[in-house]
Structure formats: structure tokens, C-alpha cells
Amino acid sequence: MTKILQSTSNAQALSQLCSLLEGSLSTKNIECAVFDIEKKVLISSTKQLKDKPVITAYHQHTHIVLNQISSNSKMPLRPILGKADSLIESFADNSPLSSAHLNQVWSLPLISISKEPMGLLSVFVSESEQLSENDLDFIALIVHLMGAVQSRLSQHGSNQKLIEKLEESNQKFRAFTEVMPDLALIIDENGVYEDAFGSPNNVLYVSAIEILGKRVVDLFPEAEAHRIMSVIHRAINTNELQVYEYSFDNHGNPADFEGRVIPINSDKSSGNEIRRVLWMARDVTVEKSAALKIKQLAYFDPLTHLPNRRMFNERLKVVVENKALVHEFGAILFLDLDQFKRINDSLGHAAGDQLLIDVANRLRQALRKSDILARIGGDEFVILLEQLGQNELEAQQEISIVAKKVQQSLTEKFEIEDLAFQVSCSIGICIIDGLTSAESILKYADTAMYSSKLTGGNSYSYFDPKQQTLLDRQLSFESEIVRAIEKREFCAYFQPQLNCKGQITGAEALIRWNHPEKGLIPPYEFIPVAEQYGLIQDLQDIVLQDICALLEILNAQNLISDSFKLSINISHSQFKALNLKSSLMSTIRDYKVTSSQINLEITESMLSHDINNTVKQMTEIEAEGFSFSIDDFGTGYSSLSYLHAYPVNELKIDKSFVDRMLEKSGLSIVETIISLAKNLGMQVVAEGVETENQINMLKERNIDIFQGFYFAKPMILADYLLWHKSHKVTLAPH
């Protein structure tokens, strides 16, 4: 029996008890089996039956016996006799219980120490044999012993499982603490650091190991230590989670932490009265730094570090609401730099950015501490004046003082890339009266600024409702231009160019908008809008297509020589585009024209930045047959020392210089340009020629080409063809 009890296997022990029972009864023609309710395993003296139908049938038989027991409400002392036919019929042929003559079954449940059924012992005997009272008593004894053995083994197994689970849990905890990014500290109510958990590779963890046994007051300044201890005591007394942010000097590197503190409930019955907390310390230095950077990006301009549009709008709304309550006046000044685009295009964005930084610094110095300066985009700045009193006249006087200070701050020249620039600004002013919304105030100030632009810049204007109509008309051009491009309302007008003998050498193509309702709209009204909204490329494509169409007709009718050229103006954005050459070649392929008959006019300012790449691009385009001329020469910022490096064939004298030839200074400029061009082997075109006197003066100075109203105004394609065919002009010899 001891040997059986020492068995390490539950199934093995029960099987041995079955064998003992089979060998101890008075009749030998029997078989015993045990069914484990929990594991649903059938155990016999010969082998464990695994056939599913057998287990199912025996399971059903077990419930029948248990139901009989529960109906008697008393635990039976004798096995219950039953028929084994149905049970035996369900067993497989190879079952040890399959003998047909074993048709009686005596069953008795296995009861645990807690009086719960654990299994069922069944003794199968033939109908011709009877079990004696001693047999039944022995069966009851074996069942009792089986219940005790199974209880003990089950309890042992449960304890073993519990130990295994605890060990597994400890392993998981150790693995977790080894990779845990946060630092876990056990601190008692007196502020003593008792334990630390965290990654061994974490410098903070190493630092934490060094503080074990020390107190909070030993590590932090008195005031900070007092706050930390207050958090610990509050967590213990309230039994609630506490969150606290603090700083810690980690070997000379200051770090920000978020502490999450929760009390550890201990068993006071053990006599341990000291209370403790778990302090989870998370290093949030990087997160706080990132949050600060995000705030900077959200509310400040990254270039000038001034407040941006978002921050300014939020502050403006608050000011407007306050003015409505206190009935005071404020104002905003909307600033836009004059000619900034020209400087930016000439010198490049890096120089333009430096200019904006310098402007921001000067504006800061010119304003009062109470004034708010912001950059809201491009070269646009706004100034918010919050406190101007309750008298509108006094407010306007104060505004004028600030506006003049702003203009004065920009009078001193700016030096960028060894060049000096004079910069001015146009200012629009809108008074804050508490009655107008923040959105409208900013819009009105923008409108007033535009009015200052129209007067020539370097001035300031107050908002006038009449100005809004003009601005709205300008802005409405965007959608109208898109529609007009689709309807082909834009087309090229051609103005002829003639040499000193009166012979036609070429023509310049100029964009015009023939609006179906408004008539002919001049270029100065729609070109700036087209450039601003990225539509200028579409307009230039239309002009180039009309050029090719005219050249096809002139070539087909033998009206021009090979040296005849039609000129097209190339915008700055198109000139800087990487696909300029491919765009030009793609258009002319659709027509029977050669690239040598097309001249590209660029402004002088386009040549003032990134000289190497500009020369490379122009050389590649020239290699395809196109030629270049510099339009409005003398009005830009190009360096004459580099002019010879560009593949340019022609200089065009701006009309403003031709108009002033009767003045000594104006004539000197014209003479200088002609002399420069001759020395560089370039021909010269005089634009805006309108009088015979101008023609004579230019011929005396060996001008090459004339262009202007004296000969013809710009004409549509059909009219130009008629003029070209009938033209017979002979300039008087000089």
C-alpha cells in the first residue's frame, strides 16, 4: 500500500489499486475501471482506454450513478448495482471490458476530502456470480483509499502547479524589469530609497542603484524634497495615484521626470508598520523638448522667430473682444516690403531670407515692448497696437508715430552678399474699435496696404471701404484668368522691329486679354495675378503657340529671311524651371518652324544669382537653336563683370531711358548701353521709340534695331500679316 501511495502518477496509482482489488475479491472473473471526472480519463487494470465512444458512454454512466447518489442525499456505503449491457456495448472490440458475460456493474463514487465527487470506481462481474459482503466492504475500502490517494495527488499537483506559476510569474517580472524603460523605486514613508528596478543598461538605473539607502532630503534641495515627501504622504493617506513632475541632476545633465506614485499595501498583522510607495519615474526630457519645438513650429515663424499668423490671429481675437468691453481703440499695421520679389529673384532665396531676418530685427528695435510684431507670410509683417486710448483722434496720432518709426527703421541700407539695398515698405492701417471682427480687421488692413502700393510704396494708408472693391476686382481675376485660358481669350499681339534701313528684322509677341465683357485688359492688371497664382506658364504657352503659327504662315509665303526672329518674354518662374528646354522643344515640334527663329527675352535680374547654373542652362537652350536677349537692360541688379559669360545676343534699352534722351543723364545711359553692347559683340534694340527726333539721336549712336509706336502698335496675328505684307518704310539716311 505504501508503494502505491508513493506513486508519482495519479493514473498509475489508481490502476495499481484496481489490480489490487481484482486480485482480492472472492470471485476472479471480474474487471475494474476508474473514470476521472475532471480529466475525463478512463483507467482500468490493464490499460487506459482512449476510445472516444467509450469515454462518452462511461461519462454518461458516471452521471447516472451520481444522480442516484444525490437523490438519496447520503453518501452510499455500498456499491450501486446496475446493468452493464449498454455501457459494454459502447466499448470498442479491443476494450478489456468487452466480455459479453460481464453484464453486472457495481459502481461507487470516489469522494475527495472536501466531499466532492472526483471519479467513479466500477466493478464488472458476470450475472452468474455474486459479490459477498466482505467483497463489498473491501470495495468500499478501496474506493475510500482511492479517494484519499487521488485527493493527495491532486493537491500535490495543484501545489506544484502553483509553484510553477509563481516561478513563471517571477521570470516574467524579471524580464519586464530588465527591459522596462521607466525607473521603478520603492520608497518608504520616511523618504528612504529601498529598492530600484529598471534596465541595467540605463544610466538612470545605475544612478538609482547608487541612491539606495539614501533619503529624498539627501538628494534634492530642501524645497523640492519637501514637495516630493508631500506627494509620497498624500499617496499613502489617500490610497490614490499621484502624478508629479520634477527635475533631477543626473551626473551634470539636468533631466525632467514625471513621477507616478501609488501606495503599496502591506500586511500590518506581521508587525511591519512602515508604509511604502511605488514611484515610477519616467524621463520626459525628450518629450518636453519635442513639445516645446512643436509649440515653436505651431506659433512662431522658424525664420525670424516672430509670432506667426496663427498666434497673431489668436491674440487679435482676444484684443478685439476686450475692446468691445472697455470701449478703447487699438490698431493693426499691415506691412509689405516694396520690390522684395525683385530682390529675392535677383539674389536668390538665401539672400531674401537674410533680408527678412534683418528687417525683423530692425522692426523689433523700433517698436515698444507692448506692441506685438508678427510675420504672417512671405515679406508680410503685422504690428498689433493694443492700447491707444478712448479717443480716435489721439489713437490716429499714436498710430502715425509708430508708422513713421517703422519706415525710419528701414531707411538705412541693408548689406547682403557685398551689395547694398535700400528697402522700404507699404503699410496698411485698420483701427480696432471693438465692433469689427478680427478676420475683417486683418483683411481691411491688407486692403489699405494695397492702396499704399498703388501710390508707389513707402507710405501708409488707412482703410477706406472703397479700396475693398478694387482689391476684390484684383482677386477675382484668378478665377477669371482660369476661365479665359480655357476659352482662349488670351492671344499674342505682335509689334514689329526694324533696322536702320527700315527693313523688318523681327517682332516681339506681347500677351493680351480680350475679355468678352470688359474689352481689352492691359497686361499690368492680370500678369501679377497670373504670376502669383502660378498661371503665367499657361499664358506663355499661348504666346509661344501663336508665335509658331505666325512663323508657319510667314515661312510658307516666303515673307521673311532666315535671320527673322519673333521674341517672347520668359518669366522668372519659367526661366528657373528645370523643364524650360523640354517645354520649348515640345511646343515647336507641333509646327513647321525652327528654333533659330525664336528669341527668348529675359530680364536682367534673372542673371544675378547662381551664375554657373544659369550659364549652363542658357548654353543648353542655345545649343537647340534659340537665342537670348536681355530686356529692360539697366533696370536690374546684374553685375557687368559677368555679362560676357552669358550666351546673350542682344540688349534691349528700356523705354524709360529712351524717353529721357533729351536729358543729359538719360542720354548718357543710352550711350553707355550701346557702347557696352558693341564691345561685347551684341546688337542693341531701342524700345518705346515714338518720335523722329529719337530715331535720329539713336541712329547717330549706331543703334541696331527700333521698336515702338512710331512704326506700329502691337497687332493681332491677322492685322500683323497685313501690315507685314504692305510695309514699305525707308528711314531717312543720316
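No hydrogens, no waters, no symmetry mates; every other heavy atom, side chains included, goes into these values.
Here the two rings, on F381 and F334, have centers that are 6.0 Å apart or farther.
Side chains of Q537 and D541: a donor on one and an acceptor on the other come within 3.5 Å. A side-chain donor from one of S656 and D654 sits under 3.5 Å from a side-chain acceptor of the other. Inspection of the D358 and Q354 side chains reveals an N or O donor paired with an N or O acceptor under 3.5 Å. No hydrogens or angles considered: a donor-acceptor pair under 3.5 Å links the side chains of E508 and Q707. Remark: the S583 side chain and the S586 side chain contain no N/O donor-acceptor pair separated by less than 3.5 Å. There is a side-chain donor-acceptor pair under 3.5 Å between D338 and S424.
Taking the ring axis of F414 as reference, the NZ or CZ atom of R362 stays within 45° of it and closer than 6.0 Å to the ring centre. A cation-pi arrangement is absent between K453 and Y450, since the terminal nitrogen or guanidinium carbon is not both under 6.0 Å from the aromatic centre and inside a 45° cone about the axis. Relative to the six-membered ring of Y299, R310 meets both conditions, a distance below 6.0 Å and an angle of at most 45° to the axis.
Checked against I383 for a side-chain contact (heavy atoms from CB on, under 4.5 Å), the options V406, I427, I372, I332 give a single hit: V406. Screening D631, N599, V685 against S567 for a side-chain contact (heavy atoms from CB on, under 4.5 Å) leaves a single residue, N599.
Between A509 and A492 the shortest heavy-atom distance is CB-CB, 4.3 Å.
For E314, the CD atom counts as densely surrounded, since its 6.0 Å shell holds more than 12 non-hydrogen atoms of other residues, nucleotides or ligands. Residue N693 places its CG atom among more than 12 non-hydrogen atoms of other residues, nucleotides or ligands, all under 6.0 Å distant.
Between Y462 and Y460, the two ring planes are perpendicular [angle over 60°; tilted spans 30° to 60°]. Aromatic ring pairs are classed by plane angle as parallel below 30°, tilted from 30° to 60° and perpendicular above 60°; the pair F463 and Y444 is parallel. Classification of the F526-W513 ring pair by plane angle, with boundaries at 30° and 60°, yields perpendicular.
Side chains of L584 and I588 form no contact here, defined as non-hydrogen atoms less than 4.5 Å apart.
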For V684 and I705: C-alpha separation, side-chain torsions, deciding distance, then whether side chain to side chain contact (heavy atoms under 4.5 Å, CB included) applies. CA-CA 6 Å; V684 187; I705 307 294; over 6 Å; no
Give the intermediate values and the outcome of salt bridge (Lys or Arg N to Asp or Glu O under 4.0 Å) for residues E601 and K652. CA-CA 9 Å; E601 292 189 6; K652 298 189 73 175; 2.7 Å; yes
Test side-chain hydrogen bond (donor to acceptor under 3.5 Å, both in side chains) applied to D562 and Q597, step by step: CA-CA 7 Å; D562 292 339; Q597 292 179 306; 5.4 Å; no
